[in-house]
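Worksheet for the structure shown next.
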Amino acid sequence: MTMRATLGKRFKNPRAQHGFQGRTCSIISVGSYVPDRVLTNGELEKMVDTSDEWIITRTGIKERRIAADDEFTSDMAARAAMRAMQNGGVTPDQIDLIIVATITPDMPFPATACLVQHKLGARRAAAFDMEAACSGFIYALEIGQQFIMSRTYNTVLVIGAEKLSSIVDWKDRNTCVLFGDGAGAAILQHRPDAHGLLTACMGAEGDKAELLCMPGGGSRCPATPDSLAAGLHFLRMDGKETFKNAVTAMYTAGAEALRRCELDISQIKCVIPHQANRQIIDAVGERLGVKPDQVFVNLERYGNTSAASVAIALDEAVQQGKIQRGDLVLLVVFGAGLTWAAAVIEW
Ligand code: ACO
């Protein structure tokens, strides 16, 4: 008997096709952390030639959080993870695998996930990082769910964490107003009688990699005095082209995820989009036919926190009671790569 038959007929579970024998995978709890330091648009007015009015009108962002000098991606990731573990009643020794999605690891290697493993005391856990920029959290959820579905592991900790303030050029008004720091975490386990992560559509368009990148610091351009002087170790972005691609990719991913589950957008309780720009969120929402009260937005307080963005938003939506068990949730993201992804979850 298919899972759809045993677990209800509100929607189709795409994973339950083709004689599927795996276990369903649910997010049993979430948690998030943002640093205390608030950087307002007013403060940015004193740093670059910009205005509160320009930033709010073009992006919707009012303020963002900035990590302390001695606070790193692994610290924020561990704090978010501890909150998720507390919310789910999960102890460090239960964790089988830690996946950290980030473009701002503490160091190029070892993986930030290993540093998080040590900070949590999760000694049994395997640990690795994965990088799909702002799409990283959904990519990591999908990877984590594969381990639960295949019965390889029972408990997977997925984290999106970023210290973007460490790669932003604070003299470049085109980018510095957009980004912030923070982390969000989710614990994945099998929950009987729940479909959990129904589907995740993921994709990439590598031919557009140059639109948003950090040119220096890798094998192509190792750090030298010249690369530093040329500012190659800062994030660079073609904002206009990125914007256009973001709207198309997020809409396409969201629509495909709904199609796979035979769902209409009206059945979705909460849409959680990547928190990059209010105009992108509105344009995607309009194309998907979303009602304003279906969309969760917190970017006015945090800006774009890349891989942490939907993870933090998901935690806040749960904390605020906007998502209850059994509700259907659509996550939809877009990032450098260019990468994109959308996931449908039965919460
Ligand atoms: N303050 C004041 N003026 C500014 C600022 C600023 N902070 N930034 C740019 N401007 C100026 C530009 O220099 C330009 O001036 P000019 O006409 O004299 O040349 C003017 O404003 C218009 O610039 P545009 O780039 O056309 O502005 P636009 O309306 O496109 O908004 C923005 C720019 C907000 C960056 C927008 O394009 C955007 O949000 N793009 C998507 C960015 C994004 O989401 N990136 C993250 C992807 S996810 C990841 O993986 C990290």
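Heavy atoms only: backbone and side chains are in, while hydrogens, waters and symmetry mates are out. Order of listing sets the numbers, starting from 1, for every ligand and every atom in it.
- In this structure, I280 counts as a contact residue of ligand 1, since one of its heavy atoms falls inside 4.0 Å of the ligand.
- The side-chain heavy atoms of L232 and R236, taken from C-beta on, include a pair separated by under 4.5 Å.
- Counting heavy atoms closer than 4.0 Å to ligand 1, residue A133 contributes side-chain atoms (C-beta onward) but none from N, CA, C or O.
- Numbered from 1 in the order shown, with element, the atoms of ligand 1 that lie under 4.0 Å from a heavy atom of D49 read 1 (N), 2 (C).
- Judged by the 6.0 Å distance and 45° axis criteria, R64 is not positioned over the aromatic ring of Y302.
- Contact annotation: for T175 versus ligand 1, there are no heavy atoms closer than 4.0 Å.
- Residue pairs meeting the salt bridge (Lys or Arg N to Asp or Glu O under 4.0 Å) criterion with at least one partner in residues 75-88, sequence neighbours excluded, are D75-K119.
- Scanning all protein heavy atoms for the shortest distance to atom 27 (O) of ligand 1 gives R58 NH1, 3.2 Å.
- Within a 4.0 Å radius of atom 32 (C) of ligand 1, the protein contributes no non-hydrogen atoms.
- When each of D69, T104, D181 is tested with S165 by the rule side-chain hydrogen bond (donor to acceptor under 3.5 Å, both in side chains), just one qualifies, namely D181.
- For I55, the heavy-atom gap to ligand 1 stays at 4.0 angstrom or more.
- Within a 4.0 Å radius of atom 21 (O) of ligand 1, the protein has at least one heavy atom.
- Both the backbone and the side chain of F243 come within 4.0 Å of ligand 1, judged by heavy-atom distances.
- When non-hydrogen atoms are compared, ligand 1 lies under 4.0 Å from the backbone of T50 as well as from its side chain.
- No hydrogens or angles considered: a donor-acceptor pair under 3.5 Å links the side chains of T155 and Q189.
- Each of R191, H190, Q145, R15 was scored for a side-chain hydrogen bond (donor to acceptor under 3.5 Å, both in side chains) with T24, with one residue passing: H190.
- Taking a cutoff of 4.0 Å between a charged side-chain nitrogen and a carboxylate oxygen, E210 and R220 qualify as a salt bridge.
- The contact set between ligand 1 and T59, taken as ligand atoms under 4.0 Å from a residue heavy atom, comprises 34 (C).
- Residue contact check for ligand 1: L44 places no non-hydrogen atom closer than 4.0 Å to it.
- Closest heavy-atom approach to atom 42 (C) of ligand 1 within the set M237, K240, Q279, E241: this belongs to M237.
- For atom 2 (C) of ligand 1, the candidate residues are F179, F334, W54; the nearest heavy-atom contact is made by W54.
- The ligand atoms of ligand 1 that sit less than 4.0 angstrom from a heavy atom of A276 are 44 (O).
- The ligand atoms of ligand 1 that sit less than 4.0 angstrom from a heavy atom of N277 are 34 (C), 38 (C), 39 (O).
- Using a 4.0 Å cut-off between a side-chain N of Lys or Arg and a carboxylate O of Asp or Glu, R278 and E300 do not qualify as a salt bridge.
- Of all the atoms in ligand 1, the ones that sit under 4.0 Å from a non-hydrogen atom of V177 are 7 (N).
- For atom 48 (S) of ligand 1, a protein heavy-atom neighbour is present inside the 4.0 Å cut-off.
- A donor-acceptor pair shorter than 3.5 Å cannot be found between the side chains of T248 and N245.
- In terms of the salt bridge (charged side-chain N to carboxylate O under 4.0 Å, His left out) criterion, residue partners of R301 (sequence neighbours excluded) are, by chain and number, E316.
- Residue contact check: C134 has heavy atoms under 4.0 Å from atoms 48 (S), 49 (C), 50 (O), 51 (C) of ligand 1.
- A donor-acceptor contact closer than 3.5 angstrom links the side chains of D315 and Q319.
- The side chain of N304, and not its backbone, has at least one atom closer than 4.0 Å to an atom of ligand 1 (non-hydrogen atoms only; side chain from C-beta on).
- Under the 4.0 Å distance rule, the nearest protein heavy atom to atom 16 (P) of ligand 1 falls outside the cut-off.
- With hydrogens and angles left out, the side-chain atoms of T102 and E162 include a donor and acceptor closer than 3.5 Å.
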Pair T199-R260, side-chain hydrogen bond (donor to acceptor under 3.5 Å, both in side chains): steps then yes or no: CA-CA 8 Å; T199 195; R260 282 190 195 176; 3.0 Å; yes
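- The closest protein non-hydrogen atom to atom 9 (C) of ligand 1 is N174 OD1, 3.0 Å.
- For ligand 1, the polar-atom distance check against S306 finds no nitrogen or oxygen pair separated by under 3.5 Å.
- With respect to the salt-bridge test (charged N to carboxylate O, under 4.0 angstrom), the residues E43 and R37 qualify.
- Under a cut-off of 6.0 angstrom, the local environment of CD in E286 is sparse, with at most 12 non-hydrogen atoms contributed by other residues, nucleotides or ligands.
- For atom 11 (C) of ligand 1, the nearest protein heavy atom (residue, atom name, distance) is R173 NH2, 3.5 Å.
- At under 3.5 Å, not a single nitrogen or oxygen of L212, backbone or side chain, sits near a nitrogen or oxygen of ligand 1.
- For H274, the heavy-atom gap to ligand 1 drops under 4.0 angstrom.
- With E346 as the partner, the side-chain hydrogen bond (donor to acceptor under 3.5 Å, both in side chains) test is satisfied by one option alone out of R10, H195, R325: R10.
- Protein heavy atoms are found inside the 4.0 Å sphere centred on atom 38 (C) of ligand 1.
- Within the listing of ligand 1, atoms 49 (C), 50 (O) sit less than 4.0 angstrom from a heavy atom of A336.
- Counting protein heavy atoms under 4.0 angstrom from atom 29 (O) of ligand 1 gives one or more.
- The main-chain N or O of F179 is never found under 3.5 Å from a side-chain atom of N304 such that the two would form a donor-acceptor pair.
- Considering backbone and side-chain atoms alike, G239 places an N or O below 3.5 Å from some N or O of ligand 1.
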